[in-house]
2 protein chains.
Amino acid sequence: MKIMKKEDLIGQLREKGLKITPQRLAIIDALVENRTRHPGATLIYNEAKKKAKRVSLSTVYATLKELSASGLIKAMEFDRMENRYDANLSEHLNLICKRCGAIVDFNLPATIEQKDITRKTGFVVTDTRMEYYGYCGDCLKRPE
Amino acid sequence: MKIMKKEDLIGQLREKGLKITPQRLAIIDALVENRTRHPGATLIYNEAKKKAKRVSLSTVYATLKELSASGLIKAMEFDRMENRYDANLSEHLNLICKRCGAIVDFNLPATIEQKDITRKTGFVVTDTRMEYYGYCGDCLKRPE
DNA sequence: GTAACTGCAAATGCTTTGCACCCCT
DNA sequence: AGGGGTGCAAAGCATTTGCAGTTAC
C-alpha cells in the first residue's frame with residue numbers, strides 16, 4: 001500500500017502485457033500530477049488533451065477502469081457526483097467538502113483491525129472506504 | 001444519533017408540516033422493517049406496493065430524498081449500484097459484500113475524533129461514511 | 001380551499017458498449 | 001502481423017424533473 005507514481009503504473013501495465021499508448025501516458029500523467037485533488041474523469045480528460053493530441057472520454061474511462069480493476073488506483077464512486085480516482089493506496093480517511101467538492105486526505109491515527117472483523121463476522125475485507133463529509137475551511141470562510 | 005423508528009419518522013414529518021399520505025406510510029414501513037438489509041429504492045418500492053394500493057417509484061424517490069435531506073435517514077450512494085438507505089443514524093461501519101450486495105453493520109470499537117480533524121484541517125464534519133468492501137461469510141462458503 | 005403530494009413520461013448525466021479502424025510491440 | 005487500444009455514437013440505468021390531476025389537513 002503506497003502512493004503510486006507514474007513509473008509504478010506504467011511498469012505494472014507493461015507487466016500485464018498491456019500497451020503503453022500516448023493516451024495512457026497522458027491519462028496517467030494527469031492522474032498522478034493531480035493526485036491530491038482526487039481527479040474525476042472529466043478533469044483527467046481535459047488535462048490529458050493537453051498532452052496527447054487525440055484522446056476520447058471513452059479511452060479515459062477505459063483506462064481508469066483498467067487501472068482500478070488491477071488495483072493500481074482506487075476508484076471512489078458517487079451517485080450524483082462524478083467518480084473520483086486516487087493513486088494513494090494507503091489506508092486513509094477522505095474529507096469531502098459538500099460545497100466545493102474538494103477531497104483531501106487525512107491520515108488515520110489508528111485503523112480498524114480487519115482481522116477482528118473477520119473473526120467476529122466471517123466477512124473478509126478487500127478494500128476500504130472511509131469518508132467524512134462536511135465543509136472545508138475555505139468554504140466556511142466564504143459567504144453564502 | 002439513534003435508530004429511527006416508524007413513529008420517529010412520522011412525527012418528524014408532521015412537525016415539518018408535511019403530509020402523512022398512505023404512500024409515505026408504506027414507504028416508511030418498508031424502510032424500517034427492512035432496516036438491517038439497508039434497502040434500496042426498488043426493494044422499498046416493491047414492499048410499499050404490498051401495503052399501499054397506489055405507489056410509484058417517483059414517490060419512493062421523492063420520499064427517500066425528503067427523509068434524507070431532513071437528516072432522518074442516511075442515504076448511501078453508489079455509482080453502478082442502486083443507492084441504499086439506512087435508518088440507523090449511529091456512527092458505525094458498513095460491511096458491503098461485493099458478490100451478493102449484502103450490507104451489515106459493525107459497531108466501531110472507537111471512532112475517529114472529529115474535533116481533532118477540525119483543529120488540524122479546519123474541516124467541519126457533518127456526516128460520515130465508513131465502508132469496508134469484501135466478501136461475506138455466506139458468499140465465501142458458496143462455490144464459484 | 002389550497003399547498004403539498006402523486007404518477008406518468010420524458011429528461012438527465014455519468015458511464016458503458018458495439019464496432020470499425022488504428023497502432024503498439 | 002495481430003491483438004489490444006481508440007474514438008465515435010448509441011445505449012444503459014438509477015434518479016430527477018415537469019406537469020396535470022389528486023388529496024391530506
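Lettering follows sequence order; numbering is per chain, from 1.
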With heavy atoms under 4.0 Å as the rule, sort B:Thr21 into base, sugar-phosphate or nothing. sugar-phosphate

Within this structure, what is the CE-to-C1' distance between B:Met76 and D:dA14, rounded to whole angstrom? 16 Å

Toward the 5' end of DNA chain C, by each residue's nearest nucleotide, B:Thr63 or B:Lys19: B:Lys19

Measuring to OP1 and OP2 of D:dG5, would you say a side-chain N or O of A:Arg24 lies under 4.0 angstrom away? yes

Length of the NZ-P vector between B:Lys16 and C:dA3, whole Å: 19 Å

Along DNA chain D (nearest heavy atom to each residue), the more 5'-positioned of A:Ser58 and A:Glu66: A:Glu66

Between A:Lys16 and A:Glu66, is there a side-chain N and carboxylate O pair less than 4.0 Å apart? yes

Does a sphere of radius 6.0 Å around NZ in A:Lys98 hold more than 12 heavy atoms from other residues, nucleotides or ligands, not counting ones at 6.0 Å or beyond? yes

So does B:Asn83 get a side-chain nitrogen or oxygen closer than 4.0 Å to the phosphate oxygens (OP1/OP2) of D:dA14? no

First of B:Pro22 and B:Glu77 reached from the 5' end of DNA chain D, by closest nucleotide: B:Glu77

Are B:Arg119 and A:Phe106 in a cation-pi setup, meaning NZ or CZ lies under 6.0 angstrom from the ring centre and within 45 degrees of the ring axis? no

Specify the separation, in whole Å, of atom CG of A:Leu43 and atom P of C:dC14. 14 Å

Rounded interatomic separation in angstrom, taking CG from B:Leu57 and P from C:dT12: 20 Å

From CD1 of B:Ile20 across to P of D:dC25 the rounded distance in Å is 6 Å

A:Thr118 versus A:Gln114, side-chain donor and acceptor atoms under 3.5 Å: no

OP1 or OP2 of C:dC23 sitting under 4.0 Å from any side-chain N/O of A:Gln23? no

Quickly work out the A:Lys65 NZ to C:dC14 P distance and round it to whole Å. 18 Å

Value in whole Å for how far the C1' atom of D:dT16 lies from CE of A:Met81: 16 Å

I'd like to know if B:Thr59 reaches the base of C:dC5 with its side chain such that a donor and an acceptor end up less than 3.5 angstrom apart. no

Run through B:Ile96, B:Val104, B:Asp105 and flag the one making a side-chain contact (heavy atoms from CB on, under 4.5 Å) with B:His38. B:Asp105

Using whole Å, what does the distance between atom P of nucleotide C:dC22 and atom NZ of A:Lys53 come to? 18 Å

